[in-house]
Protein chains: 2
Amino acid sequence: MSQQRHGSTPGEAGGVPAFPDLPEATIARLPEYLRALHHLAETGAETVSSEGLAAAAGVNSAKLRKDLSHLGSYGTRGVGYDVSLLVAQIEYILGLDENRAVCLVGVGNLGHALAGYAGFASRGFRVVALFDTDPRKVGEQINGLTVRHIDDLERIAAEESIAIGVIATPPGTAQTVADALVAAGVTSILNFAPGVLSVPSNVDVRKVDLAIELQILSFHEHRKASLTALPGGRSAAASPDKLPDNQKAVGS
Amino acid sequence: MSQQRHGSTPGEAGGVPAFPDLPEATIARLPEYLRALHHLAETGAETVSSEGLAAAAGVNSAKLRKDLSHLGSYGTRGVGYDVSLLVAQIEYILGLDENRAVCLVGVGNLGHALAGYAGFASRGFRVVALFDTDPRKVGEQINGLTVRHIDDLERIAAEESIAIGVIATPPGTAQTVADALVAAGVTSILNFAPGVLSVPSNVDVRKVDLAIELQILSFHEHRKASLTALPGGRSAAASPDKLPDNQKAVGS
DNA sequence: CGCGATTTGTGCACGCCTTCACAAGCGCCT
DNA sequence: AGGCGCTTGTGAAGGCGTGCACAAATCGCG
């Protein structure tokens, strides 16, 4: 190891490193940097400049430098960043060196696909348990795992030290499942079911709603269409007929 | 006052709305409001207060009011918002009244699930075409649709007026597919493949990376673990009440 | 008809994030 | 050894988004 001293080096001896409190925006980008770095490492690059890494990650180079500066000084002026060192540092910060155990609840259409998603295993996670309530699905084998009944969640979560749960159930049962996960000691939830979950404040929830993503794109389609329809003038087609008649026209 | 100024185009003469340019953050929340409103409509509510709708959507009520004020004045002071009117207005803004056609490229593990995802159809989108390059998958029937070869993309996209494409291929082929989509006239892309896509500036891309979501959760697990290990850190004080915490949604 | 209760719409201040611009530091070449 | 070019790390400024607090507006009721 090098004799370099950094505040939160993985190998820091003598107690817990002071955990840097990074801006949320930075945290959300670290995984993207990590993926780009892995790609660079495969191509044999040993160092990379902020400009190069920023391009690979699709961000501004100044932003990247500021993000990385929050982790500490891991670059060399005039040279760039050491790829493997930076990989190790980011993986440490993200806690990926622990190969975290994940459980998945809801083995329906989407859950089935997630259970077999290779991207999880290759990026630091082990899907160790599948749950469902449907008796016809319990017992099914998926990707080497047996689907269990959700009543076994608490026991298995404790056995396997599961801290992260993924919800892929229909919307109606998502809250019930979330409560069960929390009761089983899960403190991070990734929710694919539409709707808002209520959880204790010490539990983190991230939501992925596929339809919402499409709706946001749809908005931009609508916007683009209304712009190209008549540049500079009033749009020909776009007229919100849904409005009540007394509000339709502006009475000026 | 029957003649009320229509808020969506303040100061604009002629009565036709130039497209209101909403803050991105607002746009990202509109779909959540819409979902909550649909839920309210099913329960028979005709009006809803900003407080009530905000709770259902998991946001601050002041934020909700400000968001809606960007669309215009669709509430009544002392009463609240008319549910069906607000639904119509948000659907119009998001362009959902056009029941947009969507195509999906990559019928692998994840793509297969997306093709059958009921949430798309029920929220304003029609999946009208599936594509893949694998000859063994071409011709397969999924959910009433036949998987076509990607060479047919350009023709079918034109026939069906497809403006939105979903990429669910392995990372290596995502850029090629994106290029093909752009060439076929698609101007909005939802990308499930890890990595950065480069597209012309008139094309919108949204990315959903499932592993990144887990990695962000992993960071918070790591942080929480290091806090509880520290003596001085605020212990995870049992806060039994479930607050409608701000649930971080994926997105930019 | 007027008053009080209720709820919207918004001005304002604050904090986070982004971006620019540049000084400081490092290696290489002469 | 010294200078030169390259790259990082960061101070400062500007923009965006959030949340508070309150005036304006509307309804119901006596």
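Protein chains get the first letters and strands the later ones, always in sequence-line order, with residue 1 at the start of each. All values reported here derive from a predicted model rather than from experimental measurement.
For B:Ala62, the listed nucleotide lying nearest its side chain is D:dG19; candidates were D:dG19, C:dT8, D:dG17. Counting only heavy atoms from C-beta on, A:Arg77 has its side chain closest to C:dC26 among D:dG17, D:dT26, C:dC26. Closest to the side chain of B:Ser69, out of C:dC17, D:dG19, C:dG9, is C:dG9.
In this structure, B:Arg29 reaches the D:dT18 phosphate: one of its side-chain N or O atoms is under 4.0 Å from OP1 or OP2. In this model, the phosphate group of D:dT7 is not approached by any side-chain N or O of A:Ser50 to a distance below 4.0 Å at OP1 or OP2. Between A:Tyr74 and D:dT7 there is no side-chain N or O to OP1 or OP2 distance below 4.0 Å.
Salt-bridge annotation for B:Glu32 and B:Arg35: present, with a side-chain N of the basic residue lying under 4.0 Å from a carboxylate O of the acidic one. With salt bridges taken as basic N to acidic carboxylate O contacts below 4.0 Å, one links B:Lys224 and A:Asp204.
Atom CG in A:Leu64 sits about 12 Å away from atom P in C:dT19, given to the nearest Å. Rounded to whole Å, the distance from NE2 on B:His70 to C1' on D:dG17 is 10 Å. Nucleotide D:dG9 holds its P atom 12 Å from the CG atom of A:Leu53, rounded to whole Å. When the C1' atom of C:dG27 is taken as reference, atom CG of A:Asp82 falls 15 Å away, rounded to whole Å. Atoms CG (B:Asp67) and C1' (D:dT18) sit 10 Å apart, rounded to a whole Å. In this structure, B:Glu24 atom CD and D:dT18 atom C1' are separated by 17 Å, rounded to whole Å. Rounded to whole angstrom, the span from the NZ atom of B:Lys63 across to the C1' atom of D:dC20 amounts to 14 Å. Whole-Å rounding puts the B:Leu85 CG to C:dT8 P distance at 14 Å.
By the 4.5 Å heavy-atom criterion applied to side chains, A:Val203 and A:Leu181 are not counted as neighbours.
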Give the intermediate values and the outcome of side-chain hydrogen bond (donor to acceptor under 3.5 Å, both in side chains) for residues B:Tyr74 and B:Asp82. CA-CA 7 Å; B:Tyr74 288 97; B:Asp82 182 292; over 6 Å; no

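Within a 6.0 Å radius of CD in B:Glu98, more than 12 heavy atoms belonging to other residues, nucleotides or ligands are found.
Each of A:Asn60 and B:Lys66 was matched to the nucleotide of DNA chain C holding its nearest heavy atom; the match closer to the 5' end belongs to B:Lys66. Summary of the strand contacts: A:Thr76 and A:Ala25 both lie near DNA chain C, and taking for each the nucleotide with the nearest heavy atom, the more 5' one is attributed to A:Ala25.
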